[in-house]
A.B. asks: 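I am attaching a structure below and will ask some questions about it afterwards.
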Amino acid sequence: GQFMRIPVGARAVALGKAYTACAIDGSALFWNPAGIMRTPGRQNFFASHSEYVAGIDLEHFSWHMRQQNFGYGLSMGILRSGDILRTDEFHQEGTGQYFNANQFYLGGTLARAMTDRFSIGGTIKYYQENLDSIQIKAFVADLGILYYVGLGDTRVGFSVRNFGGDMKPGGTPPPLADGYVPTQEFQSFAAPTVGTFGAARTWTLSENLGLLTTADFNHPSDFKESFRMGAEFGVKKMLFLRAGYETSQDVGGFSAGFGLQLKQRTYLLRVDYAFSDMSTFGTVHNISIDISPLFKRKDPNAWRRRER
């Protein structure tokens, strides 16, 4: 279930994963479902790709739509391991057979704006892991809150992700050599729950320059806590340079990246790239795209001008 903790979205990765209060784009369905009520457009399409360590690929897709006080969305995440060479105690270099270790989840999100500053959201996810002939199936949930305090765009966010009952593998283990007895029942383990609290603010440096600062406190259920922090320097709301860091990591912790944004009358498009340092495991590359159609309200007096 740790797959559901792997960060989604190049912007979030570049900001050191300090994204609980920044998630007001398509990746909000992953980081904080309350954020879908604050996206620029009423509809959003989001896709993210990560080249993880050991040849593992992670894909994430999401779509959401919001009205004035209510929003909903769908999301999907896929982790692909590729072919893995099977080994055992008698064939350390491989048996010549291969297997896969793939995982995916499907999520449905609902959110509501309680006031013009305060919104809440929740997601129900179906998770499945396939490891050779062994499977894990479970339902988990996310809950998020986002609040604008009234000082510029200063906001605070809180989320609890992946909480639910214990997970337990099922299926038939592969046959073992003579003299070995396969297990008849698998042990259960806790869901990969994580709670996060964060704050963010954009500082206007000049007419064309801005600086976003963000910080999160991250508390996993089965690992030590960490602080996450990041900064984004924006030029004319078109070019963004980012860097971030997470403490208490056994490997790596630093990340950086950039983004390009194009705003037209009918849509807002942002493309982001990030890399994160995994020390001896190498560098993880992330790319994502966020598209929001923009629909302007019709002028109620337009018919008067046409008659003239």
Side-chain angles (χ1 to χ4, degrees), residues 1-2 4-9 11-40 44 46 60 62 64 66 69-73 75 77 105 107-125 127 139-165 190-202 212-232 244-249 255:
Q2 298 298 323
M4 290 185 287
R5 287 182 177 171
I6 298 177
V8 162
R11 184 177 185 234
V13 172
L15 290 171
K17 296 177 283 186
Y19 215 63
T20 307
C22 294
I24 52 174
D25 56 14
S27 67
L29 284 80
F30 176 87
W31 294 99
N32 185 347
I36 70 172
M37 298 306 301
R38 306 297 173 181
T39 53
N44 180 275
F46 179 81
H60 178 89
S62 68
H64 77 262
R66 65 174 177 85
N69 297 316
F70 180 76
Y72 51 90
S75 58
Y105 65 81
T109 298
L110 295 176
R112 180 172 176 81
M114 309 303 292
T115 70
D116 60 342
R117 296 184 183 180
F118 178 66
S119 58
I120 61 173
T123 300
I124 299 295
K125 293 184 287 191
Y127 166 76
F139 284 94
V140 295
D142 301 345
L143 176 66
I145 297 172
L146 186 63
Y147 177 66
Y148 282 74
V149 301
L151 298 173
D153 71 342
T154 304
R155 62 266 194 193
V156 294
F158 172 77
S159 70
V160 179
R161 295 186 286 118
N162 308 322
F163 66 88
T193 306
V194 57
T196 310
F197 174 81
R201 178 170 181 170
T202 304
L212 168 71
T213 54
T214 178
D216 276 12
F217 173 73
N218 184 61
H219 179 74
S221 60
D222 55 0
F223 197 65
K224 54 189 175 183
E225 296 89 353
S226 66
F227 286 97
R228 299 170 170 178
M229 59 204 79
E232 176 185 79
Y245 186 78
E246 181 177 12
T247 66
S248 304
Q249 297 301 294
S255 58

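These numbers were taken from a predicted model, which means no experiment stands behind them.
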A.B. asks: Between the side chain of Trp31 and the main-chain N/O of Val8, is any donor-acceptor distance below 3.5 Å?
C.D. replies: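 Checked: pair present.
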A.B. asks: Distance from Phe197 atom CZ to Asn218 atom CG, nearest 0.5 Å?
C.D. replies: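 Answer for the CZ-CG pair, Phe197 versus Asn218, is 13.5 Å.
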A.B. asks: Is a side-chain N or O of Arg155 found less than 3.5 angstrom from the main chain of Asp153, in a donor-acceptor match?
C.D. replies: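 Such a contact is found between Arg155 side chain and Asp153 backbone.
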A.B. asks: Can you tell me if Ser75 uses its side chain to pair, donor with acceptor, with the backbone of Leu29 under 3.5 Å?
C.D. replies: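 Checking the backbone N and O of Leu29 against the side chain of Ser75, no donor-acceptor pair under 3.5 Å is found.
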A.B. asks: Can you see which heavy atom on Phe30 is nearest to which on Asp142, and at what distance?
C.D. replies: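 Where Phe30 meets Asp142 most closely, the heavy atoms are O-OD2, 4.3 Å.
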A.B. asks: Supply the atom-to-atom distance Ser221 OG to Arg161 CZ, rounded to the nearest 0.5 angstrom.
C.D. replies: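 If we round to the nearest 0.5 Å, Ser221:OG and Arg161:CZ are 11.5 Å apart.
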A.B. asks: If the condition is ring-ring contact (aromatic ring centres under 6.0 Å, His included), which residues does Phe158 pass it with, not counting sequence neighbours?
C.D. replies: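 Phe158 satisfies ring-ring contact (aromatic ring centres under 6.0 Å, His included) with no other residue.
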A.B. asks: Can you tell me how far NE2 of His64 sits from CD1 of Ile36, rounded to the nearest 0.5 angstrom?
C.D. replies: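 Ile36 atom CD1 to His64 atom NE2 measures 5.5 Å (nearest 0.5 Å).
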A.B. asks: Which value, rounded to the nearest 0.5 Å, describes the distance between Cys22 atom SG and Arg11 atom CZ?
C.D. replies: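 Going from SG on Cys22 over to CZ on Arg11, the span is 6.0 Å.
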A.B. asks: Would you call the rings of Tyr105 and His60 parallel, tilted or perpendicular if under 30° counts as parallel and over 60° as perpendicular?
C.D. replies: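 Correct class here is tilted.
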A.B. asks: side-chain contact (heavy atoms from CB on, under 4.5 Å) between Tyr19 and Ile24: does it pass, once the steps are laid out?
C.D. replies: CA-CA 9 Å; Tyr19 215 63; Ile24 52 174; over 6 Å; no
A.B. asks: Quick one, Leu110 and Phe70 - any side-chain contact, counting heavy atoms below 4.5 Å?
C.D. replies: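 Heavy-atom side-chain distance check passes, below 4.5 Å.
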A.B. asks: Is the side chain of Thr193 donor-acceptor paired with the backbone N or O of Asn162 at a distance under 3.5 Å, no angle test?
C.D. replies: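 Yes, Thr193 side chain to Asn162 backbone: donor-acceptor pair under 3.5 Å.
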A.B. asks: I need the Tyr148 OH to Thr154 OG1 distance, nearest 0.5 Å.
C.D. replies: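 Rounded to the nearest 0.5 Å, the OH-OG1 separation comes out at 10.0 Å.
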A.B. asks: Could you tell me which non-hydrogen atom of Phe46 sits nearest to which non-hydrogen atom of Ser27, and how far apart they are?
C.D. replies: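 Nearest heavy atoms, Phe46 then Ser27: CZ-CB, 3.8 Å.
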A.B. asks: Restricting to non-hydrogen atoms, name the atom on Leu146 and the atom on Gly157 that form the minimum distance, rounded to 0.1 Å.
C.D. replies: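 Heavy atoms only, the tightest pair is CD1-CA, 4.2 Å.
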A.B. asks: Between Asp222 and Gln2, does a side-chain contact (heavy atoms from CB on, under 4.5 Å) hold up when you go through it step by step?
C.D. replies: CA-CA 10 Å; Asp222 55 0; Gln2 298 298 323; 3.2 Å; yes
A.B. asks: Going from CG on Leu143 to CZ on Phe163, what distance comes out if it is rounded to the nearest 0.5 angstrom?
C.D. replies: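 Those atoms lie 5.5 Å apart.
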A.B. asks: Can you name the residues that form a side-chain contact (heavy atoms from CB on, under 4.5 Å) with Ala215, not counting sequence neighbours?
C.D. replies: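 In terms of side-chain contact (heavy atoms from CB on, under 4.5 Å), with neighbours along the sequence ignored, Ala215 is linked to no residue.
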A.B. asks: For the pair Asp216 and Lys17, find out whether any cationic side-chain nitrogen is under 4.0 Å from an anionic carboxylate oxygen.
C.D. replies: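 No.
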A.B. asks: Going by heavy atoms in the side chains, are Ile6 and Met4 under 4.5 Å from each other?
C.D. replies: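 Ile6 vs Met4: side chains apart.
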A.B. asks: For Ala34 and Gly144, work out which heavy atoms get closest and say how close.
C.D. replies: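 Reported closest heavy-atom pair: CB-O, 3.5 Å.
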A.B. asks: If you take all heavy atoms of Ala191 and Gly165, which pair is closest and at what distance?
C.D. replies: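 Answer, listing the atom of Ala191 first, then Gly165: CB-O, 3.8 Å.
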A.B. asks: Determine whether Ser226 and Ser248 satisfy the following criterion, side chain to side chain donor-acceptor pair (under 3.5 Å), listing intermediate values before the conclusion.
C.D. replies: CA-CA 5 Å; Ser226 66; Ser248 304; 5.8 Å; no
A.B. asks: Thr214 versus Met229: any side-chain heavy-atom pair under 4.5 Å?
C.D. replies: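 Not touching, per the 4.5 Å side-chain cut-off.
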A.B. asks: Could you tell me whether the side chain of Arg5 and the main chain of Pro192 form a donor-acceptor pair under 3.5 Å?
C.D. replies: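 Looks like yes, one N/O pair under 3.5 Å.
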A.B. asks: For the residue pair Val156 and Ala199, what are the closest heavy atoms and their distance?
C.D. replies: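 Result for this residue pair: CG1-CB, 4.0 Å.
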A.B. asks: Going through the distances and angles, do Asn32 and Thr20 end up as a side chain to side chain donor-acceptor pair (under 3.5 Å)?
C.D. replies: CA-CA 6 Å; Asn32 185 347; Thr20 307; over 6 Å; no
A.B. asks: If we ignore hydrogens and angles and just use 3.5 Å, is the side chain of Ser119 paired with the main-chain N or O of Met37 as donor and acceptor?
C.D. replies: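 No: the side chain of Ser119 does not pair with the backbone of Met37.
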A.B. asks: Side chains of residues 111-118: which donor-acceptor partners sit under 3.5 Å, not counting sequence neighbours?
C.D. replies:
from   : atom 1 : to     : atom 2 : distance (Å)
Thr115 : OG1    : Arg117 : N      : 3.1
Thr115 : OG1    : Phe118 : N      : 3.1
Arg117 : NH1    : Val149 : O      : 3.4

A.B. asks: Are Phe227 and Phe217, when compared by the centres of their aromatic rings, separated by less than 6.0 Å?
C.D. replies: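 Yes.
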